[in-house]
Amino acid sequence: MEVETGLVFEDNFPSMVAQMGVDAFMEELCAGFTMLMDVNIGLITFESLKKNIAVLGLHDVLGDDEILCMLSEGDLDGDGALNQMEFCVLMLDLSPGLMKGRT
């Protein structure tokens, strides 16, 4: 999948769902949210995302503009942060392979 920055991400979600099953996959998404969120407010904020991508070693790949773009893409309620539902919707939207063949 290509994003505005020209970075290419491989969509591994379909194979993950096939291997793990839907319930375990959703648990992994929730764990990802928990890892990236600000523990004090229970949301993914610019600051928490920036801090945690550095921990994941992605600080050289994603700059502030890309982080802000990711947040605005998923921020459905306009509060500038992602709650768990917004995060999961964003992740699923970024995986066109999951929706192939679905009606």
Colleague: Looking only at non-hydrogen atoms, find the nearest pair between K50 and D64 and report the distance.
Modeller: NZ-OD1, 2.7 Å
Colleague: How many angstroms lie between CD in E86 and CG in D79, if you round to the nearest 0.5 Å?
Modeller: 6.0 Å
Colleague: Tell me, do M37 and L43 make a side-chain contact under 4.5 Å, heavy atoms counted?
Modeller: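 The answer is no; the side chains never approach within 4.5 Å.
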Colleague: Members other than V55 in its cluster, when Ile, Leu, Val, Met, Phe, Trp, Tyr link by side-chain heavy atoms under 4.5 Å?
Modeller: none
Colleague: How many angstroms lie between atom OG of S72 and atom CZ of F46, to the nearest 0.5 angstrom?
Modeller: 12.0 Å
Colleague: Would you compute the distance between atom OG1 of T34 and atom CD of Q84 and round it to the nearest 0.5 angstrom?
Modeller: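 Result: 6.0 Å between the selected atoms.
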Colleague: Search all heavy atoms of V89 against all heavy atoms of L76 and return the closest pair with its distance.
Modeller: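 Shortest heavy-atom separation between V89 and L76 comes out as CG1-CD1, 4.5 Å.
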Colleague: For D23, does the CG atom sit with more than 12 other heavy atoms under 6.0 Å from it, leaving out its own atoms?
Modeller: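 For D23, atom CG is not crowded (no more than 12 foreign heavy atoms under 6.0 Å).
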Colleague: Within this structure, what is the CE-SG distance for the pair M35 and C30, rounded to the nearest 0.5 Å?
Modeller: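 Rounded to the nearest 0.5 Å, the CE-SG separation comes out at 13.0 Å.
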Colleague: To the nearest 0.5 Å, tell me how far M26 CE sits from M91 CE.
Modeller: 11.5 Å
Colleague: Same cluster or not: L92 versus I44, using hydrophobic residues (I, L, V, M, F, W, Y) connected whenever any side-chain heavy atoms lie under 4.5 Å apart?
Modeller: yes
Colleague: Using the rule given for side chain to side chain contact (heavy atoms under 4.5 Å, CB included), can you reason through L56 versus N52, listing the C-alpha separation, both sets of side-chain angles and the distance that settles it, and then say yes or no?
Modeller: CA-CA 6 Å; L56 296 172; N52 288 306; 5.5 Å; no
Colleague: Going by the rule side-chain contact (heavy atoms from CB on, under 4.5 Å), which residues pair with L90 if we only count those two or more places apart in sequence or in a different chain?
Modeller: E73, L82, L94
Colleague: State plainly whether one hydrophobic cluster holds both L71 and I41, where clusters connect Ile, Leu, Val, Met, Phe, Trp and Tyr through side-chain heavy atoms under 4.5 angstrom apart.
Modeller: no
Colleague: Side-chain heavy atoms nearer than 4.5 Å, only ILVMFWY residues, links allowed to pass through others: does that put L29 and M20 together?
Modeller: yes
Colleague: Checking N40 now: which residues fulfil side-chain contact (heavy atoms from CB on, under 4.5 Å) with it, not counting sequence neighbours?
Modeller: D38
Colleague: Taking atom CE of M70 and atom CD1 of I53, what is their separation to the nearest 0.5 Å?
Modeller: 7.5 Å
